[in-house]
Amino acid sequence: MPDVGDGTPALRSTRAAPKTGTHRPDAPTARPTGAGERPTPDASTTPDASARSTARPYVVLSCGMSIDGYLDSPTPQRLLLSNDDDFDRVDAERAASDAILVGAATIRHDDPRLLVRSATRRAERVARGLPASPTKVTLTRRADLDPAARFFAADDAEKLVYCASPALESARRRVGHRATVVDAGHACDLRRVWADLAARGVGRLMVEGGGTVHTQVLAADLADELQLVVAPFFVGSSRATRFVGDAAFPFNERRRARLAEVRQIGDVVLLRYALSPRFDETADGLDHGTRGNA
């Protein structure tokens with residue numbers, strides 16, 4: 001099993017610096033320095049262990065891929081898998097989320113900001129008593145994180161780093177001054193991460209990649225919804241990164257995922273899959289989180 005957030009799926013490119021796709025609507029900007037650390041929940045506000053074991057956010061996987069299922073190309077040039085209208089749709093999904101998660105490899109290779117771009121949407125979140133952008137979350141087993149990455153910029157978004165126990169102290173030395181570093185267990189257990197996020201008030205979690213994280217979340221049956229955008233071209237190289245790697249997925253020829261929506265957005269198509277009964281328990285599959293004015 002590859003490392004959560006750090007490893008590469010079985011069909012990932014072997015080049016030195018693989019990319020993880022450009023479905024995210026992030027534009028390069030200068031990196032601010034410094035960031036605040038948010039406190040962890042105290043015992044008076046944290047649910048007991050039995051409640052945490054069953055509670056988890058509503059999880060949306062968001063991904064763009066080529067017709068032949070790749071997140072990038074084998075060249076250094078960044079591959080654009082979407083268009084402006086779909087980038088705006090993704091921005092709206094971000095604004096409707098309490099937290100956005102990417103793997104550590106995505107931070108290293110794509111350096112995303114993970115912020116809400118629209119000033120109107122940021123203002124609407126603030127008017128509802130929320131931060132302008134959702135909490136940023138990453139997973140790592142090796143603590144190979146650059147504190148100068150835009151993920152850790154001083155942008156007022158809360159930042160959470162879930163780290164495997166053996167690398168916990170290393171992660172705290174590297175980025176503990178810019179993020180809250182949380183012990184995710186020896187193997188960076190996703191169920192433990194989901195439960196901790198729920199305890200912190202995250203009602204809706206948007207997972208933006210990369211391929212390793214998508215593989216592990218889907219294989220663990222820990223997603224409620226998949227939003228998959230297909231770009232109208234082929235990559236045609238097995239050296240590129242696929243949407244998912246090899247795994248025993250819960251959806252197969254005997255258990256088909258339910259296609260809930262097909263939407264054309266310019267020259268791309270959005271396929272929206274309901275992966276759990278929770279999809280139907282939300283308002284049209286869209287829950288704006290549970291934090292409200294907290």
Side-chain angles (χ1 to χ4, degrees), residues 1-10 12-20 24 26 31-43 46 49 52 57 99-115 134-200 202 205 207-217 219-220 222 241 245:
M1 177 68 70
D3 285 350
V4 173
D6 289 310
T8 56
R12 181 176 288 248
S13 165
T14 57
R15 62 188 183 281
K19 304 182 293 301
T20 50
R24 291 175 299 281
D26 290 307
R31 292 175 177 166
T33 57
E37 181 172 347
R38 307 294 178 91
T40 57
D42 59 37
T46 303
R52 290 198 308 270
I100 304 169
L101 183 149
V102 296
T106 295
I107 295 175
R108 290 193 295 269
H109 303 145
D110 286 358
D111 194 22
R113 293 180 303 165
L114 301 182
L115 300 175
T135 297
K136 301 179 186 182
V137 183
T138 191
L139 307 168
T140 182
R141 281 188 177 176
R142 296 187 280 116
D144 185 10
L145 295 166
D146 182 357
R150 291 189 293 173
F151 178 96
F152 298 106
D155 49 29
D156 295 327
E158 183 178 4
K159 300 158 187 73
L160 298 172
V161 175
Y162 287 93
C163 182
S165 301
L168 189 65
E169 292 308 314
S170 176
R172 285 175 173 160
R173 286 193 300 269
R174 281 176 175 265
V175 298
H177 60 299
R178 298 196 174 184
T180 299
V181 179
V182 184
D183 188 347
H186 188 80
C188 209
D189 180 13
L190 287 177
R191 286 178 175 81
R192 179 168 173 167
V193 172
W194 275 202
D196 188 78
L197 286 170
R200 294 172 188 272
V202 174
L205 174 66
V207 178
E208 294 197 17
T212 298
V213 172
H214 285 317
T215 299
Q216 294 183 335
V217 172
L222 289 175
T241 306

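Source: prediction; values computed, not measured.
- Going from atom CG of L168 over to atom SG of C163 covers 5.5 Å, rounded to the nearest 0.5 Å.
- Formation of a donor-acceptor pair under 3.5 Å by the R150 side chain with backbone atoms of D111 is found in this model.
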Legend entry - Candidate pair V213 and V217, rule side-chain contact (heavy atoms from CB on, under 4.5 Å), full reasoning: CA-CA 6 Å; V213 172; V217 172; 4.0 Å; yes
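- When every heavy atom of A187 is checked against every heavy atom of R141, the shortest pair comes out as O-NH2, 2.8 Å.
- The shortest non-hydrogen separation linking W194 to P57 is O-CD, 3.3 Å.
- Atoms OG1 and CG, from T135 and L197 in turn, are 8.5 Å apart once rounded to the nearest 0.5 Å.
- Distance check: E208 CD to T106 OG1 gives 9.0 Å after rounding to the nearest 0.5 Å.
- In this structure, the separation between CG on L160 and CG on L139 is 10.5 Å, given to the nearest 0.5 Å.
- Ionic pairing of R200 and D196 is present here: one or more N-O contacts between side-chain nitrogen and carboxylate oxygen are shorter than 4.0 angstrom.
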Legend entry - Derivation of the side-chain contact (heavy atoms from CB on, under 4.5 Å) call for R108 and D146: CA-CA 8 Å; R108 290 193 295 269; D146 182 357; over 6 Å; no
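- The line from CG of D110 to CZ of F151 is 13.5 Å long, rounded to the nearest 0.5 Å.
- Here CG of L145 is found 6.0 Å from OG1 of T138. Values are rounded to the nearest 0.5 Å.
- Listed here is the closest heavy atom pair of A164 and H186: CB-O, 3.5 Å.
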Inset, instruction - Take R192 and D183, measure what side-chain contact (heavy atoms from CB on, under 4.5 Å) needs, and give me the verdict at the end. - result: CA-CA 9 Å; R192 179 168 173 167; D183 188 347; 3.9 Å; yes
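- Using modelled atom types, no side-chain atom of R178 and backbone atom of A153 make a donor-acceptor pair closer than 3.5 Å.
- T215 approaches G245 most closely through the heavy-atom pair OG1-N, 2.8 Å.
- Counting heavy atoms from C-beta on, the side chains of V102 and I107 come closer than 4.5 Å.
- The minimum heavy-atom distance between C188 and Y162, with the atom names listed, is SG-O, 3.8 Å.
- A pairwise comparison of heavy atoms in P147 and H177 identifies CB-CE1, 4.1 Å as the closest pair.
- The salt bridge (charged side-chain N to carboxylate O under 4.0 Å, His left out) check on R174 picks up nothing, with sequence neighbours excluded.
- At a threshold of 4.5 Å between non-hydrogen side-chain atoms, the residues R113 and D155 do not count as touching.
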